[in-house]
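Accompanying notes for the structure given below.
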Amino acid sequence: LLDADAEAFGIIQPILHRRRGGALEIFRNELRTAAPLDSESGTAKLLARQANAVEALFQLGETEPFWSHLGDDSDPRLRTILIGRLSRVVADWRRAFERLPSERNPRIRQAIILGTFANPRDHSPSDRSDQIESLLDLFRHDPDAGVHSAAEWLLRSLEADEQVASEAQRLAMQGPADANWSVTRNGLTFVHISKPGVVIIGSPATEARRDVHEEQREVPIDSSFAISACEVTIRQFLEFRRDFQYAPEVASRSDCPINRVDLYEAMKYCRWLSEQEPDFNPLECCYPPQAEIGPGVQLADDFLVRRGYRLPTVAEWEYAVRAHSATSRFFGNDDADLDRFCWSARNSGEVTQPVGMLMPNPFGLFDVYGNISEWCHELGRGVEPENNQIRGGDYRSTPRFLRSAMPTTLSADRKLSIVGFRVVKISESH
């Protein structure tokens, strides 16, 4: 049974209860081996066996290993497999949702929602209505950004986009006071991250497809910050520049990410966004007035700690994307899982897609790999004519470029259909 695929597992599983006494210890022992943090085939086999062991224990009434592994963080590989199996292990979504009110670990709450895969055709009208109402309640009130984003994703999967838009407008006026997420009047949802301190960015020497510029290093992030859950969309950017010439041939809808934005235009948007705040203070702007943003622009020494909007540093971006994971991606290493989390050459159809349509990371960020590459600042540096970093890969990327530590550089004035951005703001600690 440990080596069985899904079909064989279903055939063998009924025998379990007759052999329960001996089987329990076999399955427990299987979970005592730590899987190496690489993507070798032997590791994949061990993870598959462990997932089978967790599922078998659940069927035998020992359910806690299943729930607890949904909270894994530094090594998320087993969590990702179990999210994919949750609707099979717990067939009734109501039974899974019953755990949410008492579950204190937000990663587990998020995983339960993500594992409740939604196909509107699989639901009766009343069942669909009940699930939407449960999800709207989570979307409104759960204080965790990862849970908030998961509820949004599942609501969209249930074709409840209008309800999501209506609730987002209300939340922009007043969201939960204890939440680590917020919605601006411009419709941007922000994930608030408490002061990380010293973090490690880059990849270990053992990571597959590693680039020579990915050496691991310690970097301080001394302030709490908020980062937009989604990339800035065409609709949001055109509120700033109505006449902006993006590439419509790769973006069919206004909720696709803005493209063909050079670094200077991204900075101008951030300055404009700061100016829209009711408590706007030019001394707290990270960037100078728009007329001064261009080649040779000078940034204040303290621009990274000012309270206005700006682009993320490489360290902020990678920390938020990893969400504490030590694997090459926030969900693990397996290329087979990419299509659940990112738009790339594998599934995009060579165009960008609307933001927020695939599963978010544990912090609540959407599309951190693929869809569109994102401008970042190198820590301690402003803007260089050449060699400014973009991160995350894009809708044409192959798996090598869809990793947390993969750096790519670009001239500040390049306007490409594969490049856009998300924004950051220094925030109060949450």
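Bear in mind that the values here come from a model prediction, so they are computed numbers and not experimental data.
The heavy-atom pair separating T80 from R340 by the smallest distance is O-NH2, 3.4 Å. A pairwise comparison of heavy atoms in S223 and I426 identifies CB-CD1, 3.7 Å as the closest pair.
Ring centroid separation for the pair Y287 and Y309 does not come in under the 6.0 Å cut-off. A ring-centre distance under 6.0 Å is found for H324 and F363. A distance of 6.0 Å or more separates the ring centres of F190 and F225. Taking the centre of each ring, Y246 and F237 stay at or above the 6.0 Å mark.
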- Any chance you could lay out the salt bridge (Lys or Arg N to Asp or Glu O under 4.0 Å) test for E25 and R32, step after step, and finish with the verdict? CA-CA 11 Å; E25 194 56 31; R32 293 185 179 118; 3.1 Å; yes
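Of the charged side-chain nitrogens involved, at least one lies within less than 4.0 Å of a carboxylate oxygen, so that D127 and R94 count as a salt-bridged pair. Using a 4.0 Å cut-off between charged side-chain N and carboxylate O, D3 and R49 make a salt bridge. Ion pairing of R109 with D142 is present here, as a side-chain N (NZ or NE/NH1/NH2) and a carboxylate O approach within less than 4.0 Å. Between D337 and R329 there is no salt bridge, since none of the side-chain N atoms of the basic residue sits less than 4.0 Å from a carboxylate O of the acidic one. Salt-bridge annotation for K425 and E316: absent, with no side-chain N of the basic residue lying under 4.0 Å from a carboxylate O of the acidic one. A salt bridge is absent between R414 and D262: the closest approach of a Lys/Arg side-chain nitrogen to an acidic carboxylate oxygen does not fall below 4.0 angstrom. Ion pair E265/R260 not flagged as a salt bridge, since none of the NZ, NE, NH1 or NH2 atoms sits closer than 4.0 Å to an Asp/Glu carboxylate oxygen. Using a 4.0 Å cut-off between a side-chain N of Lys or Arg and a carboxylate O of Asp or Glu, E284 and R310 do not qualify as a salt bridge. Taking 4.0 Å as the cut-off between side-chain N and carboxylate O, E231 and R391 do not count as a salt-bridged pair.
By the 30° and 60° cut-offs, the orientation of the rings of F139 relative to W181 is parallel. Note on ring orientation: taking the six-membered ring where Trp is involved, the planes of F330 and F341 are perpendicular (angle over 60°, cut-offs 30° and 60°).
Q13 contributes atom CD, which lies 4.5 Å from atom CD of Q59 (distance to the nearest 0.5 angstrom). In this structure, CZ in R128 is found 3.5 Å from CD1 in I132, a value given to the nearest 0.5 Å.
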